[in-house]
Amino acid sequence: MTPATGLPGAAPLERSFFARGAPAVARDLVGMLLVHAHDGLAARLVETEAYTEDDPACHGYRGRTERNAPLFGPPGHAYVYFTYGMHWCLNTATGAAGRAEGVLLRAAEPIAGLDVMRARRAGGRRLSDRDLLRGPARLAQAYGLDGTWSGHDLCDGGPLYLADDGARIEVEAGPRVGVVAAADRPWRFAAAGSRWVSAYKRHPRAG
DNA sequence: CTACCGATGCGCT
DNA sequence: GCGCATCGGTAGC
């Protein structure tokens with residue numbers, strides 16, 4: 001059953017979906033729905049990035065800490081981290097058996113609850129639909145996410161989950177945005193030609 | 001559209 | 001202290 005978002009036929013993704021390694025999960029999440037049932041929000045993911053255990057850019061690369069613990073599994077839990085002194089970003093953990101892996105949700109096409117998203121994002125200024133979810137920190141802000149959501153189980157019937165409505169779109173792979181270490185691993189996945197995808201910006205210090 | 005820059009606070013060397 | 005999986009404003013093409 002689909003909650004308040006009015007999206008018939010969208011089936012929540014089960015834990016097994018997330019337990020297949022970050023790159024495969026990242027690719028397959030493009031086109032899926034991110035649903036916040038409590039707030040009536042829904043959006044179609046158009047851009048993701050994979051981070052793995054042997055990856056210097058992964059927050060779990062240097063071992064487990066209180067902050068990055070959700071990355072180490074179980075799969076299907078949220079890892080929400082704070083960065084640049086002001087932004088939150090949402091990941092889904094894909095790490096089974098103590099491996100630190102995750103997928104960063106970078107951008108989405110808004111489908112339902114645009115008024116709520118805009119109210120959280122705008123802060124008084126005019127904001128186009130395109131600017132609501134185009135970027136990982138924008139997406140997290142529009143969904144009202146912060147550190148209290150880190151560790152939240154996305155597969156337990158809670159308010160925040162990912163779902164499959166059967167839509168299938170062409171996905172292209174390329175280098176990740178904004179990372180310095182291992183900048184050329186082709187682990188950014190995006191809906192081909194989508195106008196909802198974030199602006200590509202290579203980090204100034206990326207090799 | 002691209003390029004630059006400052007904001008801002010936490011985790012880690 | 002340093003560096004950051006970013007963003008918004010401004011300047012310029």
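To find a chain, count down the sequence lines: A is the first, B the second, and so on, and within it residues start at 1.
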Between A:Cys89 and A:Thr83, the two heavy atoms sitting closest are SG-CG2, 4.5 Å
A:Arg118 and A:Asp129 have their tightest heavy-atom pair at NH2-OD1, 2.6 Å
For A:Met117 and A:Ala112 the tightest heavy-atom approach is CE-O, 3.4 Å
When rounded to whole Å, the NE2 to P distance for the pair A:His59 and B:dC12 reads 10 Å
What about A:His203, does its side chain sit under 3.5 Å from the base of C:dA5 through a donor-acceptor pair? no
**Message:** What contact category does A:Ala137 fall into here, base, sugar-phosphate, or nothing, at under 4.0 angstrom with non-hydrogen atoms?
**Reply:** sugar-phosphate
Checking A:Tyr81, A:Tyr61, A:Tyr79 against A:Leu71 for side-chain contact (heavy atoms from CB on, under 4.5 Å), the one that qualifies is A:Tyr79
At under 4.0 Å between heavy atoms, what does A:Arg121 touch on the DNA or RNA strands: base, sugar-phosphate, or nothing? sugar-phosphate
A:Glu49 atom CD is separated from C:dT6 atom P, nearest whole Å, by 7 Å
Checking C:dC4, C:dA5, B:dA7 against the side chain of A:Val180 (C-beta onward), the nearest is C:dC4
Between CZ of A:Arg176 and P of C:dA5 the distance, given in whole Å, is 10 Å
Applying the 3.5 Å cut-off to both distances, the Watson-Crick or G-U partner of B:dT8 turns out to be none
In whole angstroms, the gap separating C1' of B:dG11 from OH of A:Tyr84 amounts to 14 Å
When rounded to whole Å, the CZ to C1' distance for the pair A:Arg125 and C:dG9 reads 10 Å
CG of A:Leu104 to CG of A:Leu139, rounded to nearest 0.5 Å, is 9.0 Å
Ranking A:Val177 and A:Leu127 by the position along DNA chain C of their nearest nucleotide, the one closer to 5' is A:Val177
Within residues 63-83 of chain A, those residues having any heavy atom closer than 4.0 Å to DNA chain C are A:Tyr81
- Within 45° cone of A:Tyr51 ring axis and under 6.0 Å: A:Arg176 NZ or CZ: yes
- Query: Is A:Arg106 near enough to C:dT6 that one of its side-chain N or O atoms lies under 4.0 angstrom from OP1 or OP2?
  - Reply: yes
C:dT6 OP1/OP2 closer than 4.0 Å to side-chain N/O of A:Arg138: no
- Item | Aromatic ring of A:Tyr51 stacked on base six-ring of C:dA5, 5.5 Å, 30° | yes
- Charged N to carboxylate O under 4.0 angstrom, A:Asp54 versus A:Arg185? yes
Across every strand shown, the nucleotide meeting Watson-Crick or G-U wobble geometry with B:dA3 (both distances under 3.5 Å) is C:dT10
Whole-Å distance, A:Leu104 CG to C:dA5 C1', equals 6 Å
Consider only side-chain N and O atoms of A:Arg121 and A:Gln141, and report whether a donor and an acceptor are under 3.5 Å apart. yes
Rounded to whole Å, the OH-P distance (A:Tyr61 to B:dT13) equals 12 Å
Contacts of A:Gly85 and A:Leu139 projected onto DNA chain C by closest heavy atom; the upstream (5') one is A:Gly85
Between CZ of A:Arg134 and C1' of C:dG8 the distance, given in whole Å, is 12 Å
